[in-house]
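Report on one structure; see the data block that follows.
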Amino acid sequence: MRYIPHTREDVERALAKVGAPSIDALFADLPQALQDPDIQVPTGMDEAGLLAHLRALAAKNRPEGPNFLGGGARRHFTPSVTAHLAMQSEFVTAYTPYQPEVAQGILQATFEYQTIMSELTGLPVSNASMYDGASAVAEGVLLAMRQTGRDRVLVSRGVHPETRAVIATYLAALDLELELLDLDPYTTPTPGVTDDVACVVAQQPNYLGYVEDMPALTGAAHASGALLVAAVDPLSLAVLAPPGEYGADIAAGDGQTLGNPLNFGGPAFGFMVVGEELIRQFPGRLVGETVDVDGKRAFVLTLQAREQHIRRSKAKSNICSNHQLTAIMAAINVAALGPAGLRDLAVGSVANAHKLADALTAAGFAPRVEARFFNEFVLSVGQPPAKLRSALARSGVHAGVAAPAEYGFGDAIILSATESTSAADIAALVTALVACGEGRALEVRNA
Amino acid sequence: MPEWSQAHAQLPLIFERSRAGRRASQPPAPEQADLSALLGAENLRQAPPRLPEVSELDLVRHYTQLAHRQMSIDANIYPLGSCTMKYNPKVNEEAAKLFQDLHPYQAEETVQGALQLLFELQGDLATITGMDAVSLQPAAGAHGELAGILMIRAYHRARGEGEQRRIVLVPDGAHGTNPATAAMAGYAVVEVPTGPDGEVDLAALKARLTPEVAAVMLTNPNTLGLFERRIVEIAAAAHAVGAQLYYDGANLNAIVGRARPGDMGFDVVHLNLHKTFTTPHGGGGPGTGPVGVKAHLREFLPVPVVAKDGERYYLDEDVPNTIGRMRSFYGNFGNLVRAYTYIRALGREGLREVSGYAVLNANYLRMRFKELGFTVPFDRVNMHEFVAQPPAGLRTLDIAKAQLDHGMHPATVYFPLIVKEALMVEPTETESLESLDAYVETLAEILERAAADPAYLRGAPYSTPVRRLDEVRAARQPVLRYAFEG
Amino acid sequence: MKTPTELRYAESHEWAAPDGGSATVGITDFAQDQLGDVVFVELPDVGRRVAKGEQMAVIESVKTASDIYAPVSGVIEAVNDALDARPELINSDPYGDGWLVRIGLADASELAGLLDAAAYTASASEEH
C-alpha cells in the first residue's frame, strides 16, 4: 500500500474503535449505485518502473540547444544555492501560515520577498504573490476598477497577448471588454484618455521587446484620473526605470525571470505591488510585522478582512492559494545574486541581444532595430514562423516565438537573448537560419 | 520543547545581514554596454534597488534557520480540515525535475513527452471524476472555481438565459472561495442553510431553486465531513430548473477511487491537486486546480487543451465557444507532473485505498476525540474529516495554541462558520495510528493541565520561536516591508 | 453591557441619537464587544442617500468584517473621520467618540419604529 502505513492489526484496532466491520462499511452513506465505478487508470507502478516511464516521456522532449525563446519566460543563470534552499522540506511541505507561532519561516521569508519586490518596482506595498503574470495583471485591472469606480480599460497591444487574453476573460465575467491601443509600429503612442477610464495597461519592455515611453503613458492616464498598470519583467528593473519612478499605480507581472525554473510555463509566480492608497482594495495575502506577547519581533498574515475566507462574496478577489514557494525561491535568488549580480544578468541580456541583432545584420538579415529594445526584438523572415521554427528545431536551435499577425510585421519571429547567450549560440542560429532557406530569401529581398 | 529550542533567538532579516560588497554567486560577467545609448538615459533607473548583499554561507544559514522556524508535514502531524495535509512523495520531486528545463514556447515536436503527459493526465482526471473533458490550466482551486463558474455562465448565455440566471446558491458551510468566486463572475450569492442532520436542507434548497439560479456549488462530502446522501435528488432538483451543479473538489480525498462527482450528477468539478494528489502546499502555493466538465460544457473549456492527432500531441486553441484563457501557458506544469506521478504510482487500486484509509483514520480520531470530552455536533460515521467542539469552558483557540508547544499542528479552527468554536480535523491516510494516538494523548495532557491551571492555556504557546502575536497592531498600523535606515 | 436609555436601536446592533432633523449613528457596546478589537472602518461618502436597512459601512476586526446598516433613511451629512486613525474609539467609546455617521432624516417617523433600550437588550441577549 503506497504511502499508507497501516498494518493489518492497525486496521482491526481502528475498526474496533469505530465499531465498523470493514473499511467499505464506512462508506454506507454513499448510494450503492454510485459506488465503485470503473476508473480507467492503469495499475500502480513500483518506483523503478515509474521513473523509467517518466524518463521515457522526458526523453521525448528536447530542452537542450541554443535557445532564443522569450515571450514571458526565459532561461537565466540561477545559482545552485537557490533551489537547494527554496526546496527545503520545511518550506515545501508547509501550509499557509495561519498559525504564525510555528510559521515564522514562511512568514519572514515572505516579508523579505515583499520588501524585495517593493525595492525592485519602486512601489511601497507588495502582496505575498499571485498565480502568474497574466492573472496578476488582470487582478491589477480589477483593482483599478474598484479604486476608481470606472469600468473602461485601455490595454496596449504591446502587452503579452496571453496577458491580454486573461484580462479579457476576467472582464467578460463583468460583461466588459478591454479596448486596445495599437502600436506605432513598435511602441504605444500616447493615447487620449477620458474620465470614464479606470486604467491604462502597458508592458515594459513590451511583448516585442521594445522600450515603451512609460512616463508619457502614465501622464496620459493620470491626467484623466485613471491609473497606470505597469506589466513589468522584474529582472529588467535592475536597469530600467521602476514603475514607482514614473508614477505607475500598480506594478504586476511574472517573476519567473527571478530564478524560477521554466517548468514548461509553470509554476513560476505572479506579483503585484501598489501604492499605499490601494491597500484596502488589494487582493491576496499580505504579511506584516508585529510583536509577540514578549515584545519579540514577529510576522503575521494581516489585513485579512479583505480576503475570501472572511469577506466571502464581498472579498476583493476569490484568490486563496497563491504561489508562495516560487515567490520565496525568487527572493532567495535575488539575495544570492545581490544587486550587482542581478544587474549583471540584466546588462548581459541587453548586451547579448544587441550582439545578436548586430550578427544578424552582418549576415544579411534585417532585424527590426529602429526602435530601442531591451533583450528581445523582431526579425522578419521569409516563411511562416511555425514552419521556420520546426526547421530550426531540427537543427537543434530553439528559435524565437512567432510574432502574431496582429502586429503587422508579416512573417516574423521575436528573438530573445540572455546573459548566457554565447557567441557560439548566435553563430548556430545564423547558420541554421541560412540553412533553412532564410539566407537565400534575404539575398533576394536585399538585391 | 526540544524541537524549537534552537529557534528562539530573534533572527535578523536578510537585509540586516547585508554588508556592501558581499556576494553569494558569480553570474556570467556581462560585456560592457552603453546602456544610455542602447536604452535611452531617460529610461534607466535612477536609484538602485536596496537588495541584500550576503555571502553564500550567510544566505544558507539564513534560510536554513528560517526553515527551522517552520512546521511542515515532513516534520509534524498537520491535520488541517479541508486541507488534506498528506505526505508528499519524494519521487514526485524527482519526476518534476526531469521536465523543468522545458520552455513553454518550444516547437511542438520538441515537447511531445510533456504534451503526452498532459494528455494522459487529462484522461486520468476525467475518469477519476467521471467527467468528459478536463482543462489543466487553472493555477489553484479558486482559479478552477472561477473557470468552472465562467463556463456555466457561458453555457447559460449560449442558451439565451444569461440575463435570466443571476444567482448562485452556496451552502452556509461552504468554503469562502465559493461565494467569492460567484461574485467575481458577476453573480448574486444566496446561501442555503444546513439541516439538522448536517447536510444541505433539501426543502430550503428547493425553495431557492428558481429559473433565476445559474448554479449550485457543493462540496461532497461537505465541510462537516458528512456525505450528502441526497446528492442524486439535489442534482435532479437543480437540473429541473435548468441550473448547473458545481463540485468543489477540496474534499475529494474522501471518495477518490470509490465514487465520482460525475456519476452523482455534477456538471463541473475542480480538483485541488495539492490536496488529493500530493503536490506540495509550499507554504500557501503554488496549487493547481484542474477543472472537469460534462460533454455539454466541453465547448466552453479554457484554451488551450491538449489534443492528440494520430501519434502527434498538440495544443488545441480551437475550442468553439471557449471562455478564453485563465492564465499564461498551460497551467502549473511542474505540479501536473507530480500529480501524474502520484496517480500512476498508485493506480486505480491504490487510489481506492487512499479514500478508505483516509476515512478510517478520521473516524478513529473522531472516536478518540469523543473519549476526551470533545463534542461532535453531527455525530455519525464521517468521511475524511470531522468537526468537533472543545469540552465546556475551553476555547478552541487556546487548545490550538497549546498544541503548538508539543510540535503538533492544530486542526483547522473556527471553520465551518456554522459550528461555534469549531475544530475541523482531517488526519489523512498517511498518518499511522501511533501518530494519531500521540496526537490524542497530547490533547489529553493539555486538557488535564488546563483543568488544574486555567491560566496556562490562555498563555500558550510558551516554547515556539515566537509566542502569541499582537495581530491588532499588525492590522491597525500595517508594516508590510522592511524600513531601511536613512 | 451598556445600553443608554435615551437612544433608539436597530436589531442589527446600530444605535441612533435623534437631534433635530438628523440622527447620529454608531454601533452598540454589545456589537463592539462581539467584534473584538476594531482595526479598520469603511465609511460612506458624505452626501450619499441611504435607505433604512441598507448597508452603509463596514467595520473590520482582525478576523471578521461586519456590514453596518442604516437604521434610518436619509442623507449622510457627516462621517467620523477620527476613526481613520483611531478605529479603536469604537471599542473604547461606542456611544461617544466612536460614532460613525450623522444622517439627515428623510422620515423622522422611522425613529419610532426602532427599539428602545429594553427591547434591544432583550433582542441582543437572545442572539447571544
Side-chain angles (χ1 to χ4, degrees), chain A residues 5 14 18 23 29 40-41 43-44 57-58 60-63 69 79 85 88-90 92-94 96 101-102 104-106 115 119 131 134 162 165 169 261 263-267 288-290 292 298 302 308-309 312-313 315 318 320-325 335-336 339 347-348 351 389 393 401, chain B residues 24-25 30-31 33 49 51-53 63 66-67 69-74 98 100-105 107 110 112-113 127 139-140 142 176 179-181 183 185 189 227 280 282-287 324-325 328-329 332-334 347-348 350 356 363-364 432-433 464 466-467 474 479 481-482:
Chain A
V18 177
I23 288 178
D29 278 352
Q40 300 291 318
V41 171
T43 301
L57 278 177
K60 296 182 187 179
N61 302 319
R62 295 211 310 275
L69 296 166
L85 293 178
Q88 292 179 95
S89 275
E90 292 88 342
V92 172
T93 71
T96 306
E101 298 88 344
V102 293
Q104 288 298 301
I106 292 284
T115 307
E119 282 296 309
Y131 302 138
E162 294 189 4
T169 304
N263 283 332
F264 199 39
E289 181 183 320
T290 186
D292 74 356
T302 192
Q308 51 76 29
H309 61 286
R312 298 175 77 83
S313 67
N318 73 338
C320 180
S321 286
N322 55 16
H323 279 204
Q324 203 59 69
L325 182 66
V347 172
R389 279 161 46 84
V401 301
Chain B
S25 75
E31 306 236 341
L51 302 174
E53 298 180 70
Y63 284 101
L66 280 180
R69 303 177 153 230
Q70 181 64 47
M71 268 199 191
S72 63
I73 299 173
D74 278 5
L98 295 172
Q100 71 176 9
D101 290 332
L102 288 182
H103 191 285
Y105 288 145
T110 69
Q112 284 294 298
T127 187
T181 298
V189 177
F227 191 83
R325 270 192 169 273
S328 55
F329 311 127
N332 279 340
F333 177 79
R348 53 179 295 175
N363 278 288
Y364 176 78
S432 67
L433 284 200
T464 46
V466 297
R467 296 180 57 209
V479 177
R481 50 160 291 162
Y482 174 63

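Residue numbering restarts at 1 for every chain, and letters A, B, ... go by the order of the sequence lines. Note that the structure is predicted; figures quoted are calculated from it, not measured.
Although no hydrogens or angles enter the test, the distance criterion places no donor-acceptor pair under 3.5 Å between the side chain of Q104(A) and the main chain of R69(B). No side-chain donor-acceptor contact under 3.5 Å links N318(A) to the backbone of A180(B). T43(A) places no side-chain N or O within 3.5 Å of a backbone atom of G347(B) that could act as its donor or acceptor partner.
Put simply, of D29(A), V92(A), I23(A), the one with the most heavy-atom pairs under 4.5 Å next to chain B is D29(A). Of all the listed residues (G324(B), P49(B), S432(B)), the one sharing the greatest number of non-hydrogen pairs under 4.5 Å with chain A is P49(B). Contact count versus chain B (heavy atoms, under 4.5 Å) is highest, among A336(A), P261(A), A351(A), G348(A), for A336(A). With chain A as partner, the option from L98(B), D101(B), L102(B) having the largest number of non-hydrogen pairs under 4.5 angstrom is L102(B). Note on N263(A), V401(A), T302(A): by heavy-atom pairs under 4.5 Å with chain B, the leading option is N263(A). Ranked by non-hydrogen atom pairs under 4.5 Å with chain B, the options L69(A), I106(A), T96(A) are led by L69(A). Your options are R389(A), E162(A), R62(A), Q324(A), and the one with the most heavy-atom pairs under 4.5 Å with chain B is E162(A). In terms of heavy-atom pairs under 4.5 angstrom with chain B, the leader among E119(A), E90(A), E289(A), Q40(A) is E119(A). Annotation: maximal heavy-atom pairing with chain A below 4.5 Å, among D74(B), N363(B), V189(B), occurs at D74(B). For chain A, the option among A140(B), A24(B), S25(B), G283(B) with the highest count of heavy-atom pairs below 4.5 Å is G283(B). Counting heavy-atom pairs closer than 4.5 Å to chain A, the top-ranked of the candidates G350(B), A33(B), G334(B) is G334(B).
Scanning both residues, A142(B) and C320(A), for their nearest heavy atoms gives CB-N, 4.3 Å. Counting all heavy atoms, side chain and backbone alike, A14(A) lies closest to Y364(B) at CA-CD1, 3.7 Å. Taking both residues in full, the closest heavy atoms of M71(B) and A94(A) are given as O-CB, 3.5 Å, listed atom of the first, atom of the second, then distance.
Only the side chain of Q88(A) comes within contact range of chain B, with heavy atoms under 4.5 Å apart. Contact of A165(A) with chain B is made through backbone and side chain together, with heavy-atom distances under 4.5 Å. Both the backbone and the side chain of T169(A) come within contact range of chain B, each with at least one heavy atom under 4.5 Å from a heavy atom of that chain. Contact of V347(A) with chain B is made through backbone and side chain together, with heavy-atom distances under 4.5 Å.
Remark: T127(B) engages no residue in a side-chain hydrogen bond (donor to acceptor under 3.5 Å, both in side chains) (not counting sequence neighbours). Partners of R312(A) according to the salt bridge (Lys or Arg N to Asp or Glu O under 4.0 Å) rule, which considers only residues two or more places apart in sequence or in another chain, do not exist here.
Proximity of L325(A) to P286(B): side-chain heavy atoms (C-beta onward) are separated by under 4.5 Å at one or more points.
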